[in-house]
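Below is one structure, written out as structure tokens; comments come after it.
Within every chain, numbering begins at 1; the chains are lettered A, B, ... in the order of the sequence lines, protein sequences first and strands thereafter.
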Protein chains: 2
Amino acid sequence: MTANLLETCMKELRLRGFRLTPQRMVVLRVLHEAHGHLTPIEICERAQEMLPGLTEPTVYRTLNFLHEQRLALAAHVGSGQLVYETGERDHHHLVCRKCGATHEIPHDLLEALFSQFQHKTGYQIDGMHVTFFGLCPGCQDHQ
Amino acid sequence: MTANLLETCMKELRLRGFRLTPQRMVVLRVLHEAHGHLTPIEICERAQEMLPGLTEPTVYRTLNFLHEQRLALAAHVGSGQLVYETGERDHHHLVCRKCGATHEIPHDLLEALFSQFQHKTGYQIDGMHVTFFGLCPGCQDHQ
DNA sequence: AATACTATTGCAAGTAGTTACAATAGTATT
DNA sequence: AATACTATTGTAACTACTTGCAATAGTATT
């Protein structure tokens, strides 16, 4: 959202030894200026307005990179499509598999489960928020 | 697995008013004969051996269809790829976002959470098993 | 400021998945 | 068994995403 957060991200990348390219800055800016989820293609369009000449493969690579670096959240919505956003609010999603309606789930509802996983399997959950698929109240009635 | 289950699926489709085409039967058979997940492309290859002339779009459409009809499970594994399997064993996945290792989670660990969702939001969770991304014990050490 | 090192990009070509639409073939009915 | 109805398929073209590789441009060093 704020310019501050953006700069923090970029400094963080520098600290980790990565280069600060205009391409990365512009993709980060798009993510920070957006409210909610964006598809790679939406991100690409907005970023190309800010930086003409920016190419599609670079945007996809940058999104992967930011996700690996934990500077962007990725989520599955619908069938196999990934969307991205900044990791400011911790939340997850309920998606209706019929009409596509989504419902946010606060992170703390899952906290207990995650520590249970960690305890039983050693896996440390992170990186991608979780999406649960089901039927919303409306679609349960009609089928 | 067994021919019985396969026939039950097909009868079920008939009951719901859908047509029983060779294409659908062969995709169902591939899913039932497989152990664990298959990607659409793996399914396509196996199904085309059994039914030469079967085309890619039909396989994708059939997988979507079977998933909608709750006769196949779909899961996200890795970044944005969907895999399918039959819904015989109820389980979910922990996937390591570094090395891709997967770990099965029995369904009953999530049961309490799901009924909590249902209670709070009205959403009825189903249709797709859930995938949690994180770091496996080994990859936590190396970064 | 110039040079060297190499991470990162753009390009071009490839793979994966989807869609529109006309042809085909299941199913119900006669 | 033949006919009609229309769900489902195949074809072709398209969109989404990825990969290999040579060119570019950040950064560190001099």
Give the rounded distance in Å between these two atoms: [atom1] of [X] and [atom2] of [N].
X: E68(B); N: dT8(D); atom1: CD; atom2: P; answer: 11 Å
X: Q81(B); N: dA16(C); atom1: CD; atom2: P; answer: 9 Å
X: R16(A); N: dG26(D); atom1: CZ; atom2: P; answer: 21 Å
X: F65(B); N: dA7(D); atom1: CZ; atom2: P; answer: 12 Å
X: L54(B); N: dT24(C); atom1: CG; atom2: P; answer: 17 Å
X: L82(B); N: dA16(D); atom1: CG; atom2: P; answer: 17 Å
X: E42(A); N: dT15(D); atom1: CD; atom2: C1'; answer: 15 Å
X: Q69(B); N: dT8(D); atom1: CD; atom2: C1'; answer: 14 Å

By nearest-nucleotide position on DNA chain D, the 5'-leaning member of E56(A) and R14(A) is E56(A)
Assigned partner base of [N], Watson-Crick or wobble definition, under 3.5 Å:
N: dT15(D); value: dA16(C)
N: dG10(D); value: dC21(C)
N: dA28(C); value: dT3(D)

If you only use heavy atoms from C-beta on, which nucleotide in [options] is closest to the side chain of [X]?
X: T55(A); options: dG10(C), dT8(D), dT9(C); answer: dG10(C)
X: Y60(B); options: dC17(D), dT18(C), dT19(D); answer: dT18(C)
X: Q23(A); options: dT19(D), dG10(D), dG10(C); answer: dG10(C)
X: T58(B); options: dT9(C), dG10(D), dG26(C); answer: dG10(D)
X: T62(A); options: dT9(C), dC17(D), dG17(C); answer: dT9(C)

Within the modelled atom types, does a donor on one side and an acceptor on the other bring the side chain of R61(A) and the base of dG10(C) under 3.5 Å apart? yes
*Is there a donor and acceptor pair closer than 3.5 Å between the side chain of R19(A) and the base of dT6(C)?*
yes
- Query: So, are R29(A) and E33(A) salt-bridged, with charged N and O less than 4.0 Å apart?
  - Reply: yes
Tested for ring-ring contact (aromatic ring centres under 6.0 Å, His included) against H93(A), the lone hit among H37(A), H103(A), H76(A), H107(A) is H37(A)
>> For F18(A), is there any backbone N or O sitting under 3.5 Å from a side-chain donor or acceptor partner on R14(A)?
In response: yes
Notebook entry, point to check: Is there a donor-acceptor contact under 3.5 Å from the side chain of E42(B) to the main chain of T39(B)?
Noted result: yes
Next item on the list: Give a yes/no on whether any side-chain N or O of T21(B) is located under 4.0 angstrom from OP1 or OP2 of dT9(D).
Entry: yes
Taking every heavy atom of Y123(A) against every heavy atom of C136(B), the minimum-distance pair comes out as CZ-CB, 3.7 Å
